[in-house]
2 protein chains.
Amino acid sequence: MDRSTDGAVTGIDGASSVYSAALAARRRSYGPNTSLSYEQPLMIVRGSGTYLYNDQGVQYLDCVNNVSHVGHGNAEVAASASAQLHTLNTNSRYLHPDLPRYTELLLSSLNAGCSNSSNSSSSCSSAGSCSGISGGCGNGSYSRAGAWCSDTPPATNSSSTISEIQPQPQPQPQRQQQHQTPSSSSTISQPSLEVLYLVCSGSEANDLALRIIAAARPGATHLAVMGGAYHGHTSALIQVSPYKFWGQGGTGRQPHVHVVPCPDPYRGENLDGRASARAVLAAAARAGGRLGGFLCESVLSCGGQVVLPQGYLQELYDELRRAGVLLVADEVQCGFGRCGGAFWGFQTQGVAPDIVTMGKPIGNGYPLAALATTRELAAAFAAPGMEYFNTYGGSTAAVAAGLAVLRVIQRDGLQHHAHRVGEYLLSGLGRLRAAHEVVGDVRGLGLFLGIEIVRDKASKRHAPATARWLKERMKARRVLLSTDGPYDNVLKIKPPLVFGITEAEILLGQLSEVLDQELTTDVRQQLSQREDEVWASVYGPRYLQYRENERMLYSGLPPARL
Amino acid sequence: MDRSTDGAVTGIDGASSVYSAALAARRRSYGPNTSLSYEQPLMIVRGSGTYLYNDQGVQYLDCVNNVSHVGHGNAEVAASASAQLHTLNTNSRYLHPDLPRYTELLLSSLNAGCSNSSNSSSSCSSAGSCSGISGGCGNGSYSRAGAWCSDTPPATNSSSTISEIQPQPQPQPQRQQQHQTPSSSSTISQPSLEVLYLVCSGSEANDLALRIIAAARPGATHLAVMGGAYHGHTSALIQVSPYKFWGQGGTGRQPHVHVVPCPDPYRGENLDGRASARAVLAAAARAGGRLGGFLCESVLSCGGQVVLPQGYLQELYDELRRAGVLLVADEVQCGFGRCGGAFWGFQTQGVAPDIVTMGKPIGNGYPLAALATTRELAAAFAAPGMEYFNTYGGSTAAVAAGLAVLRVIQRDGLQHHAHRVGEYLLSGLGRLRAAHEVVGDVRGLGLFLGIEIVRDKASKRHAPATARWLKERMKARRVLLSTDGPYDNVLKIKPPLVFGITEAEILLGQLSEVLDQELTTDVRQQLSQREDEVWASVYGPRYLQYRENERMLYSGLPPARL
């Protein structure tokens with residue numbers, strides 16, 4: 001047992017009777033392939049801001065729950081959804097003023113001007129001042145740079161007119177410029193993402209993207225995706241998610257799906273977007289097909305918290321667009337200001353997707369997701385005359401939650417806050433990297449960060465067992481992290497955006513202590529043996545599969561085994 | 001304009017500026033193939049019980065929004081979800097006592113004893129009395145028959161133990177016995193649906209069913225579905241939804257999908273479940289495949305509010321189960337007591353599905369859905385080791401909403417209420433059928449009812465234009481209905497379950513007046529011409545497609561064109 005506050009209700013092993021009963025009932029009656037985090041699962045019963053509390057009242061610093069974007073139990077979002085639940089919560093077949101208001105507000109954020117060459121701070125074009133940063137962000141110098149901002153928060157009173165949001169230039173965050181090679185300085189014209197669909201989940205949004213691609217590119221039935229990507233749990237999405245089809249229990253790649261080798265800036269591999277685009281186009285042709293679409297997260301999450309090299313997505317998009325391929329930016333994890341330097345991840349790459357999918361943070365946990373696309377693609381999807389109806393998508397309470405989330409992000413300057421705290425974290429993590437052999441790489445944008453754990457700096461060999469051990473040791477210190485990436489060796493940091501400098505210091509301090517004090521020579525030796533075992537049984541074969549894919553793509557040869 | 005209460009904010013055509021702006025913005029920015037109900041869409045801004053209110057305060061009787069199961073704006077459900085949104089709303093990777101509590105409660109309802117032969121009223125086996133019916137239901141004689149009931153309402157205090165629900169026998173509702181031929185009187189043993197998955201939407205639940213079938217029946221890649229069925233909007237589900245693939249904009253049947261001809265008790269067609277099962281098994285074999293699963297709503301909704309003949313599903317299940325086919329009961333529309341005679345639709349047919357999917361009413365509009373299955377199938381799905389994770393599925397606020405819905409249904413006796421009001425409606429609608437040539441059939445179970453509109457009783461020809469006209473005329477009288485069925489000629493009645501005798505009288509009175517006073521000889525002549533047009537352009541070709549499917553299945557010949 002991993003909890004220290006044993007009171008009257010706890011048993012001899014420290015678990016309360018409520019905990020034991022809940023765990024037994026869950027194991028008995030809930031899907032056996034759903035998972036509980038940590039070796040000893042946590043029973044969390046309350047959340048506030050970026051903290052979670054277990055049934056014994058123990059406080060945990062939450063560094064991973066990116067869905068609770070503006071904070072656990074955020075009163076403003078909860079109140080907004082609650083009021084709507086009491087008043088009316090019905091579907092989009094009735095007109096309601098908040099749905100088109102939300103739709104136009106969200107679309108305006110996507111079409112905000114974007115330049116990936118400027119690092120000068122910008123300000124709203126109108127004379128009034130934006131709402132200041134509140135709640136501990138406090139650094140005025142970040143208050144306007146790269147933000148999708150407005151002089152007036154989105155209106156919620158249904159009698160008011162729809163807010164006009166003034167698009168703002170999106171400068172590239174400074175850190176990216178320091179760490180990456182500069183690309184061309186041309187300003188990319190923004191896509192006209194003028195039509196929105198509201199759905200329930202990121203999976204529904206990405207599945208809808210597949211339907212739109214199929215309608216708009218008939219005959220071009222092949223798809224390209226990024227290595228390590230996860231796009232959702234529907235039947236069709238598992239097929240386009242290498243994280244799943246090459247992961248535990250996966251049944252392999254379907255012939256119509258082509259996997260772009262995931263860039264690995266840390267190891268200097270697969271950094272050429274243009275070459276990758278040409279390789280998947282050729283692979284589709286060799287397989288007798290044609291690519292209809294390319295799905296890609298703008299910052300890779302399940303792929304291992306990978307920041308794409310500057311210019312990478314531009315090159316890839318250029319090449320694929322020329323071949324008529326539709327470009328889908330999956331922003332389910334990286335959108336809504338998390339990246340700090342821009343409101344949307346794709347804006348940090350200076351690209352213009354044809355379709356953008358959104359989820360997780362959009363409703364701060366209230367089930368909501370969205371897909372934005374061009375008028376042309378929406379028309380192609382609608383042309384045959386089949387209605388699209390989503391029972392809960394666009395329902396009134398979901399829209400109320402979505403409006404409140406946008407309002408809080410904007411008013412509290414959470415995008416800038418994410419940028420500032422992210423920079424602070426990266427700086428601190430950089431010091432840990434310098435001091436510790438297992439900390440191979442630290443990277444990220446805003447509050448979307450990864451720490452790649454390796455066996456040693458020279459070999460850069462993946463160390464999933466050590467990453468897992470670190471996660472568990474940090475949990476014992478009341479700091480919640482998780483691991484990700486195809487080799488499960490990247491500690492991910494994706495907290496609620498209200499995570500501040502104080503919390504960054506707690507995280508850095510505890511991680512430093514674990515690395516300094518707990519990761520002894522003895523422990524490293526034990527972990528080394530465990531690394532050998534899991535590499536031999538799980539990750540090594542998967543690594544070979546990804547390598548084989550690269551070989552097949554770049555050499556043009558058929559796969560030896562996939 | 002169809003609204004009479006024009007105040008200061010309305011324009012010259014009766015539309016308020018808010019209405020006009022919202023309609024324009026919606027048409028500009030929201031998916032063009034999403035629909036708004038009625039020729040002049042309603043802007044609904046408030047709901048209460050089974051009434052909706054537009055922006056001018058005009059009250060409408062809602063006879064169709066089956067998602068708001070326990071009433072629009074139900075304070076108890078809203079308060080339950082709201083409290084949880086303020087406290088904690090996180091995912092199922094943490095343990096929370098309410099998730100397994102809800103899971104076990106929902107599973108207990110599915111495994112309640114079921115007999116389709118008894119029509120005697122039953123009572124709880126324990127000594128205490130069930131909670132009485134409240135809120136206007138008032139007829140004690142229905143308080144216990146066929147209900148999934150409990151002496152204690154589901155507990156909501158997280159410190160209490162999980163409620164033990166006592167399964168109850170499920171007598172067949174009397175009406176069915178009067179209208180249908182009796183089947184064998186043997187009591188069907190219930191399935192062991194012991195494992196639950198919580199997801200976001202009915203679509204996600206049915207898509208998950210496809211994944212489980214694929215895992216548990218490898219190689220048996222063919223699927224059977226019911227004619228006219230709609231199972232959801234994901235890529236994979238459109239392919240198994242004849243309502244879509246043979247409907248407007250559909251691209252036809254995939255070779256691995258086989259369509260069971262929909263029973264039409266009104267016309268005496270396709271009533272033999274055993275013959276249909278054999279036909280689809282043979283069709284799959286002819287196509288070089290093997291059926292892995294059969295998806296079927298227990299009462300057909302998009303198929304045209306069709307009550308399956310007694311014994312039909314038993315025969316079909318028997319035959320398919322013998323061939324190893326997995327049987328999925330889609331309860332997204334008909335579950336949670338709506339059918340009156342039983343808590344679940346499949347219980348009215350006395351069958352034991354391998355998988356049950358649920359959605360719409362489950363959270364009274366809070367996005368939630370579920371899939372229940374056997375331990376064996378869950379194990380087969382889990383065996384390869386692939387995790388199933390659903391971000392919002394099983395999140396704490398969704399579970400709170402789900403628990404509250406079950407509590408309200410049980411405490412307020414809404415299943416019995418649905419039975420009582422449904423019988424009253426059927427009786428009144430029967431009088432309208434006797435009096436009016438266009439009312440071809442009235443049918444249903446509980447508050448899941450259909451009125452089939454025909455050109456005349458002798459021909460029984462479908463009359464979609466007349467059905468649509470009736471819907472619009474009823475809307476002008478502030479009564480909301482909609483149309484369904486492959487030929488769009490069935491007026492559906494699926495109101496919130498709080499719909500009472502008073503509301504039934506309003507509905508019957510207004511419909512009677514429209515039929516008596518508005519459907520004049522002149523109007524019928526105009527509609528007749530319109531019927532000819534829409535049949536020639538839309539419904540006739542679709543009818544031929546369904547007929548061709550029947551011919552192909554029963555004759556074993558390949559299709560002339562599908």
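Throughout, protein chains are lettered first and strands after them, A, B, ... in sequence-line order, and every chain is numbered starting at 1. Heavy atoms only: backbone and side chains are in, while hydrogens, waters and symmetry mates are out.
- Atom CD1 of residue Ile44(B) and atom CG of residue Leu52(B) lie 5.0 Å apart, to the nearest 0.5 angstrom.
- Each of Ser29(A), Gly385(A), Pro384(A) has some count of heavy-atom pairs under 4.5 Å with chain B, and the biggest count is that of Ser29(A).
- Heavy atoms closer than 4.5 Å to chain A are found in both the backbone and the side chain of Val195(B).
- For chain A, the nearby parts of Leu198(B) are the backbone and the side chain; heavy atoms of each come within less than 4.5 Å.
- For chain A, the option among Gly232(B), Cys200(B), Ala236(B) with the highest count of heavy-atom pairs below 4.5 Å is Cys200(B).
- In this structure, chain B has no heavy atom under 4.5 Å from any part of Leu371(A).
- Looking at Thr90(B), the atoms closer than 4.5 Å to chain A (heavy atoms on both sides) all sit in the side chain, from C-beta outward.
- Residue with the most contacts toward chain B among Asn364(A), Leu368(A), Val77(A): Leu368(A) (heavy-atom pairs, distance under 4.5 Å).
- With a threshold of 4.5 angstrom between heavy atoms, Tyr243(A) does not approach chain B through any atom at all.
- When each of Glu204(A), Arg93(A), Lys244(A), Arg46(A) is scored by its heavy-atom pairs under 4.5 Å with chain B, the top score falls to Arg93(A).
- Taking Arg211(B), Arg26(B), His233(B), Glu194(B) one by one and counting their heavy-atom pairs under 4.5 Å with chain A, the maximum is reached by His233(B).
- Both the backbone and the side chain of Phe381(A) come within less than 4.5 Å of a heavy atom of chain B.
- Atoms SG and CG, from Cys302(A) and Asp488(A) in turn, are 10.0 Å apart once rounded to the nearest 0.5 Å.
- Of the listed residues Ala369(A), Ser82(A), Ala24(A), the one with more heavy-atom pairs under 4.5 angstrom with chain B than any other is Ser82(A).
- Without hydrogens or angle criteria, Ser48(B) side chain to Tyr51(B) main chain gives no donor-acceptor distance under 3.5 Å.
- Proximity to chain B (any heavy atom under 4.5 Å) is shown, for Leu208(A), by neither the backbone nor the side chain.
- With contacts defined as side-chain heavy-atom distances shorter than 4.5 Å, the pair Pro41(B)/Arg27(B) qualifies.
- Both the backbone and the side chain of Ala378(B) come within less than 4.5 Å of a heavy atom in chain A.
- Contacts between Tyr53(B) and chain A at a heavy-atom distance below 4.5 Å are absent for every atom of the residue.
- Of the inter-residue distances, the one linking His96(B) atom NE2 with Leu36(A) atom CG reads 13.0 Å to the nearest 0.5 angstrom.
- Of the listed residues (Gln84(B), Lys360(B), His72(B), Arg375(B)), the greatest number of heavy-atom pairs within a distance under 4.5 Å of chain A belongs to Lys360(B).
- Contact annotation for Ala79(B): both backbone and side-chain heavy atoms come within less than 4.5 Å of a heavy atom of chain A.
- Asp55(A) contributes atom CG, which lies 9.5 Å from atom OG of Ser17(A) (distance to the nearest 0.5 angstrom).
- Smallest separation of non-hydrogen atoms from Ala81(B) and Leu85(A): CB-CD1, 4.0 Å.
- Between the CD1 atom in Ile212(A) and the CG atom in Asn33(B) there is a gap of 8.0 Å [rounded to 0.5 Å].
- Your options are Leu107(B), Thr396(B), Thr103(B), and the one with the most heavy-atom pairs under 4.5 Å with chain A is Thr103(B).
- For a residue to count as touching a neighbouring chain, one of its non-hydrogen atoms must lie under 4.5 Å from one of that chain's; by this rule Tyr102(B) does not touch chain A.
- If you tally non-hydrogen atom pairs under 4.5 Å between each of Ser235(B), Ala75(B), Ala383(B) and chain A, the highest count goes to Ser235(B).
- Taking each heavy atom of Ala370(A) and Ile362(A) in turn, the nearest pair found is CB-CD1, 4.0 Å.
- Chosen from Val67(A), Thr34(A), Thr234(A), the residue pairing most often with chain B at heavy-atom distances under 4.5 Å is Thr234(A).
- Looking at Val332(B), there are no atoms closer than 4.5 Å to chain A (heavy atoms on both sides), in backbone or side chain.
- If you measure heavy-atom distances from Asn89(B) to chain A, the contacts under 4.5 Å come from both the backbone and the side chain.
- Counting heavy atoms from C-beta outward, Leu223(B) and Leu210(B) have side chains that approach closer than 4.5 Å.
- Heavy atoms closer than 4.5 Å to chain A are found in the side chain of Leu99(B), but not in its backbone.
- Only the side chain of Leu480(B) comes within contact range of chain A, with at least one heavy atom under 4.5 Å from a heavy atom of that chain.
- By the 4.5 Å heavy-atom criterion applied to side chains, Val70(A) and Glu76(A) are not counted as neighbours.
- We find the OH-OG distance between Tyr392(B) and Ser201(B) to be 12.0 Å, quoted to the nearest 0.5 Å.
- Residues Asp62(B) and Pro496(B) form a side-chain contact, since some pair of their non-hydrogen atoms from C-beta on lies under 4.5 Å apart.
- Between Tyr388(A) and Tyr197(A), the ring planes lie perpendicular to each other; the angle is over 60°, past the 30° to 60° tilted range.
- Using a 4.5 Å heavy-atom cutoff, the side chains of Tyr366(B) and Tyr366(A) are in contact.
- Here Leu95(B) is the residue among Leu95(B), Leu88(B), Asn91(B), Leu23(B) with the most heavy-atom pairs under 4.5 Å with chain A.
- Closest of all the heavy-atom pairs between Ala25(A) and Glu104(B) is O-OE2, 3.8 Å.
- Neither the backbone nor the side chain of Thr373(A) comes within less than 4.5 Å of any heavy atom in chain B.
- Highest contact tally toward chain B, considering only Ala78(A), Gly31(A), Gly73(A), Pro367(A), is held by Pro367(A) [criterion: heavy-atom pairs under 4.5 Å].
- Within the 4.5 angstrom heavy-atom criterion, only side-chain atoms of Ser68(B), from C-beta onward, approach chain A.
- A cation-pi geometry, defined here as NZ or CZ lying under 6.0 Å from the six-membered ring centre and within 45° of its normal, does not hold between Lys475(A) and Tyr60(A).
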